[in-house]
Amino acid sequence: MPVTSLKQLPFLPYTKNLTGQLIAAGCVRSAAVAEAFLQVPRHRFLSGFYPAAGSGRVQVTEDAPPELLELAYSDSTVTTHRLGDGVGHSSSSQPSVMAEMLELLELRPGLRVLEIGAGTGYNSALISRITQAPVVTVEATPQVAAEAAEAIAANGFDDLVRVVAGDGYLGWADGAPYDRVIVTCGIAGAAETWFEQLAPDGFILAPVAHGGLHPLMRIENGGDTPTARAISMADFITAGGPLYAGGRHTPESRNVALPTAERSVANHVPVDLPAVGGYDDLWFHLATRDTRTTKVHLPGSSSGTVSCGLVSEDDASAVLLQRGSTQLAGPASGRLAAEAETAVTEWLALGRPRLADRSCTLRRTGDETRPIWVPAQWTDGGRGAE
Ligand SMILES: C[S@@+](CC[C@H](N)C(=O)[O-])C[C@H]1O[C@@H](n2cnc3c(N)ncnc32)[C@H](O)[C@@H]1O
């Protein structure tokens, strides 16, 4: 789509508004990423979406009611496909997260990019606008891939963007080598194939399962042993297939409702969490020490409040570490709380290491024919960094 023609188009006020918000929030930091958000019309990649939980699927065209267009250009994740049970299966990710990832990719003209999880195709269009080079985007769900390919072609991005229907585990050898691999679904580990398809100085940016969420990690192929560096807390739709093989959490166990029965509030877990700050840093630390760490919420609480906790399914017990108080439920929750307390005390003693100071080596695991590389031993970061 030639840039000049965009100036005449009716969506420009919407893309301008979104880009302005992303700049103000500090997620868009470069002119190249700003230009891309300005020029690529998000709503044209939403052939259908669900404006709210429980609503039907709507289409958003240029003559749609303004509130629908505003929603398409708001800084929100937009669910485009649901499974039979109503759970989101594919979406257009939150623009601020997309912007952050595009900046982290350090894109420049000429770089070749492989994306895993095409979804709507919007992100691949943004990437191609920045790199002006071939982009391959792989999508596991055939219907989603077909819609993405249609939007890519209809908006004139098919000269550079190729949508491949298939399992992202395999990448796409025909387009290799890639300077960057960007993953837009939550994975347990990086596919071995991506390392094979990566240029020698390339890197992978991926949301990797940790503590019930998918923090962003930058993965590099450091010779024999790949390494990862944590960047920021995030969460994504969980990948299907070998990319999540052996993943500790199921979608359900990634957000556990604290059981109402036997619930109590404890005062003995030590820290006034708001006073120490760095809740995400503490969450990350807890998950490096205890694989039972996950996202926990109180039933009926606002979904905006995201808290971590320890959940022991075997003991039907959980502890939720909330800012201000600690909530317990189940017969073994006292022991869980004591274990959480030990990890929190250790985090304080280490100088409250930030998640962005953590790195690790990766180890090979999973199915022998489809191995993935998962985080092994995390450094402590902060004062206690190794
Ligand atoms: C958050 S959406 C992607 C958003 C997208 N990048 C965009 O611009 O709209 C995640 C997508 O990953 C896809 N996915 C999940 N597992 C996958 C796999 N193993 N291979 C390829 N795609 C996968 C899902 O079907 C879903 O469409």
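The chain is numbered in sequence order, starting from 1. These numbers were taken from a predicted model, which means no experiment stands behind them. Note that ligands are numbered from 1 as they come in the structure, with each ligand's atoms numbered from 1 the same way.
Of all non-hydrogen atoms in Ala245 and Ala188, the two that sit nearest each other are O-CB, 4.2 Å. Taking every heavy atom of both residues into account, Phe49 and Leu71 meet most closely at CE1-CD2, 3.8 Å.
At a cut-off of 3.5 Å, with distance as the only test, a side-chain donor of Glu103 or Ser30 sits close to an acceptor on the other residue. Residues Arg57 and His81 have side chains that bring a donor and an acceptor to within less than 3.5 angstrom of each other. For the 3.5 Å distance criterion, the side chains of Asp314 and Ser312 fail to qualify, holding no donor opposite an acceptor.
Looking at Gly117 next to ligand 1, an N or O pair under 3.5 Å apart turns up. Checked by distance only, ligand 1 and Glu139 come closer than 3.5 Å through their nitrogen or oxygen atoms. For ligand 1, the polar-atom distance check finds an N/O of Ala140 within less than 3.5 Å of one of the ligand's N/O atoms. At least one N or O atom of Glu115 sits closer than 3.5 Å to an N or O atom of ligand 1. Between Thr120 and ligand 1, at least one pair of N/O atoms sits closer than 3.5 Å. For ligand 1, the polar-atom distance check finds an N/O of Asn123 within less than 3.5 Å of one of the ligand's N/O atoms.
For ligand 1, the atoms sitting less than 4.0 Å from at least one non-hydrogen atom of Ser92 are 9 (O), numbered in the order shown with element in parentheses. Applying the 4.0 Å criterion to heavy atoms of Ser93 picks out, from ligand 1, the atoms 1 (C), 4 (C). Taking every non-hydrogen atom of Leu243 and a distance limit under 4.0 Å, the qualifying atoms of ligand 1 come out as 19 (N). Numbered from 1 in the order shown, with element, the atoms of ligand 1 that lie under 4.0 Å from a heavy atom of Thr141 read 25 (O). Counting the atoms of ligand 1 from 1 in the order shown, those under 4.0 Å from a heavy atom of Ala239 are 15 (C), 16 (N). In summary, the atoms of ligand 1 found under 4.0 Å from a heavy atom of Ala118, numbered by their order in the structure, are 5 (C), 6 (N), 7 (C), 8 (O), 9 (O). Interface atoms of ligand 1 facing Gly168, defined by a heavy-atom separation under 4.0 Å, are 18 (C), 19 (N), 20 (N), 21 (C).
The proximity of Ser124 to ligand 1, defined as any non-hydrogen pair under 4.0 Å, does not occur for either the backbone or the side chain. With a 4.0 Å heavy-atom cut-off, ligand 1 is reached by the backbone of Val138 but not by any atom from C-beta on.
In terms of the ring-ring contact (aromatic ring centres under 6.0 Å, His included) criterion, Tyr50 has no residue partners (sequence neighbours excluded).
The protein heavy atom nearest to atom 14 (N) of ligand 1 is Cys185 SG, 3.9 Å. Regarding atom 10 (C) of ligand 1, its nearest protein heavy-atom neighbour is Thr184 O, 3.4 Å. Ranking the protein heavy atoms by distance from atom 27 (O) of ligand 1 puts Ser90 OG, 2.6 Å first. Residue, atom and distance of the protein heavy atom nearest to atom 2 (S) of ligand 1 are Ser91 O, 3.4 Å.
Between Asn123 and Ser93 there is no side-chain heavy-atom pair separated by less than 4.5 Å.
A salt bridge between Arg364 and Glu192 is present, with a side-chain N of the basic residue lying under 4.0 Å from a carboxylate O of the acidic one. For Asp315 and Arg335, the salt-bridge test passes: some basic side-chain N is under 4.0 Å from an acidic carboxylate O.
Heavy-atom distances between Pro242 and ligand 1 stay at or above 4.0 Å for every pair. Assignment of Gly240 to the shell around ligand 1 is supported, since a heavy atom sits closer than 4.0 Å.
Within 6.0 Å of CZ in Arg162 there are 12 or fewer heavy atoms belonging to other residues, nucleotides or ligands. The 12-atom threshold is exceeded at CZ of Arg29, counting heavy atoms of other residues, nucleotides or ligands nearer than 6.0 Å.
Looking at Thr137, its side chain never comes within 3.5 Å of a backbone N or O of Ile116 through a donor-acceptor pair.
Identified under the salt bridge (Lys or Arg N to Asp or Glu O under 4.0 Å) test for residues 234-246, with sequence neighbours left out: Asp235-Arg254, Asp235-Lys295.
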